[in-house]
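Here is the structure we will look at, set down as C-alpha cells.
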Protein chains: 2
Amino acid sequence: MATIDDVAKSAGVSKSTVSNVFSQKRPISKEISERVLEAARELNYKPNYWARSLANKETRIIGLNMEGDKVKFGQFRMTLLNGVLKECYNQGYRLLVNTLPKHFTNRLENWSSDPVDGEILLDPMVRDPRIEERVAGGIPIVVIGRPPESHESTVSYVSSDNVGAGRLVTEYLIGLGHRNILFLNAPEYRTVSHERFDGYRKALEMAELPVESSLVVYRDKVFGSSEEYGYIMAKRLLSENPSITAIITDTDKVACGVYQAAEELKLVIPRDLSVFAFSLETSYGTQLQPPVSSMRLNGELLGSEAAKMLLNLCASKTPIIKRVIIPWELIHRESCGPVKVVQ
Amino acid sequence: MATIDDVAKSAGVSKSTVSNVFSQKRPISKEISERVLEAARELNYKPNYWARSLANKETRIIGLNMEGDKVKFGQFRMTLLNGVLKECYNQGYRLLVNTLPKHFTNRLENWSSDPVDGEILLDPMVRDPRIEERVAGGIPIVVIGRPPESHESTVSYVSSDNVGAGRLVTEYLIGLGHRNILFLNAPEYRTVSHERFDGYRKALEMAELPVESSLVVYRDKVFGSSEEYGYIMAKRLLSENPSITAIITDTDKVACGVYQAAEELKLVIPRDLSVFAFSLETSYGTQLQPPVSSMRLNGELLGSEAAKMLLNLCASKTPIIKRVIIPWELIHRESCGPVKVVQ
DNA sequence: CTGTTAGCGCCTTCAG
DNA sequence: CTGAAGGCGCTAACAG
C-alpha cells in the first residue's frame, strides 16, 4: 500500500502538500493539486485511516454496546439499530458493533481503549460498570433506557416511559377485572425491570389492591431461553395459584412459553387467562394464537435520537446532559379479555 | 488521557517494558509487571487502539458493507448479522457497519482506506466496483451471494443456491398447473436476480413452456418501496394479461403489494392467484392473509460462514478462494394452490 | 529480562 | 501558496 511519502515523491512535492490536497485544510494550487491526485491514482494511494485517526484524535466511528455476552439482535433491537444507522448515515459516521466477550477483554493483551469517538449503551443495568468506565475515561456516551440512579443526572439518555407503560398495562388489566396479575419481568439487574415494576405497583396501589411479591418474578440466569422462562414460571405459578387470571411478560418470546403452559393446563387465552407482552422480539407476537397484545416502542426513533444526541456530544465538547422520552402505544390484539365470571 | 510514556515514567521503566507488560509479547518479571500495572491503574491508562493498530497493521475489526445508500436491516439481514456477530464474538473481532453515503465518501476530504482488516460484502451486483476496489487494495473480502462472473473464481463467497431455488419454486408452480407465471424479480443490477431467473427459465424449459419476456420484471428505481413495486406491477400486468395465475416475488414486502392489487382486482389468493415470495423481510410474510409461501434461507449460517471465511483469510495471508453454498428450504404456507379449472 | 532507537502514516506547527 | 521538522501513541529491532 502506497503511503503519503510515495505520493509526495512521485508528484515532486512535500508530504504536507499531499496531506493538504486530501484534507483540504488549506488551499493548494490547482496545478499541484492535480499533479498530486494523478500520482495518487497511479499508486493507488488512499490516506490511511488509523494514522489519520491517531493524528486527528477522532475516528468518526461510534460504538453500539450491548450488555452481556449474547450480542444478538431481535426485532426491537433491529429497529433501534436502523434508527442509529440512519443518523450515522446522515452525518457521515460509521457504526461499530461491540461484540467482544468478557473472557476476551479481560485478558491483559486485549485491554485497550475503544476505537470510537463515543458510544451508545443498550440495556442499562442497576450497577453498570460500562457507564463508570466511560465516564472515567471521558468518552461521550448516550444510554438507551434509564441509567442507574447513580448516573441518572450525569448521563444523557433516551428512553421510553417504562414506568408509565407498566402502569397503563396494569390499569388496563385491572379494568378488565383482573385482580391477581402475574408479572414475568426482565432480569432484576436491568433498570427497565424496576421501572416497569414501579408502574405495576402504582397501578395496584391506585386501585387499592395488594402487591403480592409472589406475583412478581424476575428472570433468572438459570433459564436457557425466554420461552423456557415463560413456560416454566407460568406452569409452576399457575398451578400453585389458580387465582392468577392475567400475566404480563417482558417479551413475546416469554409470552410464547406462557401460551404453551396455558395450553397444557387447559387454560384458554383470553377466556381463562389474559397475556400481555411489553416488547415484540420476533414474529411470534403476531403469529401466536391469539396474537398477543403489546407495546409498540418505536425503536427507530429511540435509535436515531440516541445517535443524534451522541453525535452532538462528540462535536460540541461541552457535554450537555439531555433526556429524551419517546412515546409508546398500547396495541390491543386478542390476548387480553375480561376476567372470567365465577359462577 | 495518560499515554504509555506517562506510565513508563511513573513506574520508572522504559516504554517498551510497559508495552510488553500489556501486549505480553515478551516476558516481564513479576515485580516490574506489577509496578507497571499499578502505575497504569493510578493514571487510568489504556493502550490507545489507533496507535496500536497503526503500529501493528491490524485492527481486529471487520466490516459489513451493504450495497446502496439504504443501509437498513430487515428480517433476513438481521439473521445474517447475527451470524456474523456470533463469529466475531468467538474470535474476538469487532464489527463495523459501513454506512457512509456516496455523497460523503465521494468528497475528497473523506476519501481514505477503510478502518478494517477485511470486509463482508452484501448484495453483490453484476458490476460491482466495491469488489474491484478491494481486490486492487488487497483487502480480504468475502461476498454473501454470487459475485459477478468477472470475479466468481477470484473471490470467496457464501451463497444460497439461488438458481436451484428459482427452479424449484417454478417447478412447484408448474406442478400446480400454472402456465403463466409472473416473476417480480429483484433489480437487474443485482446478481441474485439473474440466478433466480436462470432457475425460472430452466424450469420452464424443462416443462417445454415458453419464457415470456413480458412475464419477467426487474425492480426499477422508480418505485419508492417494495410494496409499491408489487402493487403497481401486479395491478398493471394482471389487468393486461388475465391469464397470469401465479406470481413469484422477491420479498414478502413485494408480495404485500401484490396482495393488495389482487384484492382490488377481486382475485382471491390462492384460488385465483398463487403468490410466492423468496425471502421474508418483515413479519408481513406470516401476517398476510393467507400467509405467503416462501424460502427459508438460513441467514444466520450464511453470516457465520462468511465471517469464518473472512477471519481465516485475514489470519492466513495465503488467500484461499472458497465457495460455500448454504441450503434453503421451501416453506409451504397457504398462498399457492392449484390453478383454477376453467369451466 | 530490560532499555534505546527507529519507525508506523499522517497532521501540524512554523518558516519561507 | 509550499516545505521542513516534529509529534500523535505504540511496537519492533537491536543492544545489553
Side-chain angles (χ1 to χ4, degrees), chain A residues 1-37 39-40 43-60 108-117 137-139, chain B residues 1-37 39-40 43-60 108-117 137-139:
Chain A
M1 201 78 230
T3 76
I4 200 172
D5 285 283
D6 302 329
V7 177
K9 223 161 287 171
S10 162
V13 297
S14 75
K15 298 198 316 177
S16 65
T17 300
V18 177
S19 171
N20 285 299
V21 166
F22 282 96
S23 71
Q24 314 250 293
K25 293 202 179 164
R26 70 186 190 191
I28 301 286
S29 69
K30 203 163 171 93
E31 304 167 79
I32 293 204
S33 183
E34 295 199 336
R35 188 140 50 92
V36 168
L37 254 17
L43 295 170
N44 194 17
Y45 166 79
K46 291 182 180 189
N48 179 303
Y49 202 96
W50 323 313
R52 196 176 248 188
S53 295
L54 181 58
N56 282 336
K57 299 178 170 312
E58 89 164 349
T59 62
R60 297 193 70 83
L108 195 53
E109 66 262 42
N110 300 317
W111 170 259
S112 77
S113 68
D114 280 327
V116 296
D117 293 342
I139 315 271
Chain B
M1 203 78 228
T3 76
I4 199 172
D5 285 284
D6 302 330
V7 178
K9 222 161 288 171
S10 162
V13 298
S14 74
K15 297 200 315 176
S16 66
T17 299
V18 177
S19 172
N20 285 299
V21 166
F22 282 96
S23 70
Q24 314 251 293
K25 292 200 179 166
R26 68 186 193 192
I28 300 288
S29 70
K30 202 164 172 93
E31 303 167 81
I32 293 206
S33 184
E34 294 199 335
R35 188 142 47 93
V36 168
L37 255 16
L43 295 170
N44 194 18
Y45 166 78
K46 291 182 180 189
N48 180 303
Y49 202 94
W50 322 314
R52 194 176 251 188
S53 293
L54 181 59
N56 279 336
K57 297 178 169 314
E58 88 163 355
T59 62
R60 298 192 70 84
L108 195 53
E109 67 260 42
N110 299 318
W111 170 259
S112 77
S113 67
D114 280 326
V116 296
D117 293 342
I139 316 272

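So you know, we letter chains A, B, ... as the sequences are listed, proteins then strands, and number each from 1.
For the pair A:Ser19 and C:dC11, the criterion of a side-chain N or O lying under 4.0 Å from OP1 or OP2 is met.
A straight line from CD of A:Glu58 to P of C:dT12 spans 10 Å, rounded to a whole angstrom. Going from atom CD1 of A:Ile4 over to atom P of C:dG9 covers 11 Å, rounded to whole Å. Atom CG of A:Asn20 and atom P of C:dG9 are 19 Å apart (whole Å). When rounded to the nearest whole Å, the span between CH2 of A:Trp50 and P of C:dC10 equals 11 Å.
Applying the side-chain hydrogen bond (donor to acceptor under 3.5 Å, both in side chains) criterion to B:Ser14, with sequence neighbours excluded, gives B:Ser16, B:Thr17. For B:Ser53, the side-chain hydrogen bond (donor to acceptor under 3.5 Å, both in side chains) criterion is met by no residue, not counting sequence neighbours. A:Glu109 meets the side-chain hydrogen bond (donor to acceptor under 3.5 Å, both in side chains) test with A:Arg107; sequence neighbours excluded.
Counting heavy atoms from C-beta outward, B:Pro115 and A:Thr59 have side chains that stay 4.5 Å or more apart.
Contact between A:Ala11 and A:Arg35 at its shortest, heavy atoms only, is O-NH1, 2.5 Å. Closest approach of A:Met1 and A:Asn44 over heavy atoms only: CE-O, 3.0 Å. Between A:Trp50 and B:Leu54 the shortest heavy-atom distance is CE3-CA, 4.3 Å. Across all non-hydrogen atoms, the minimal contact from B:Lys15 to B:Ile4 is O-CD1, 3.6 Å. The shortest heavy-atom contact between B:Thr3 and B:Tyr45 is C-CE1, 3.5 Å.
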>> With side-chain contact (heavy atoms from CB on, under 4.5 Å) as the criterion, how do A:Val116 and B:Tyr49 come out once you've worked through the C-alpha distance, each side chain's angles and the decisive distance to 0.1 Å?
In response: CA-CA 9 Å; A:Val116 296; B:Tyr49 202 94; over 6 Å; no

> What's the verdict on side-chain contact (heavy atoms from CB on, under 4.5 Å) for B:Val13 and B:Ile28, showing C-alpha distance, side-chain angles and the deciding distance?
Replying inline: CA-CA 11 Å; B:Val13 298; B:Ile28 300 288; over 6 Å; no

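Contacts of A:Ser16 with the nucleic acid, taken as non-hydrogen atoms under 4.0 Å apart, include base atoms. Using a 4.0 Å heavy-atom distance criterion, B:Val13 is classed as a sugar-phosphate-only contact.
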Between the protein and nucleotides 6-8 of chain C, list every N/O to N/O distance that falls short of 3.5 Å.
residue, atom, partner, partner atom, Å
C:dC8, O3', B:Lys57, NZ, 3.1

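For DNA chain D, the span of nucleotides reached by chain B at under 4.0 Å from its heavy atoms goes, 5' to 3', from D:dG9 to D:dC14.
Sorted by residue number, the members of residues 22-32 of chain B with any non-hydrogen atom under 4.0 Å from DNA chain D read B:Lys25, B:Arg26.
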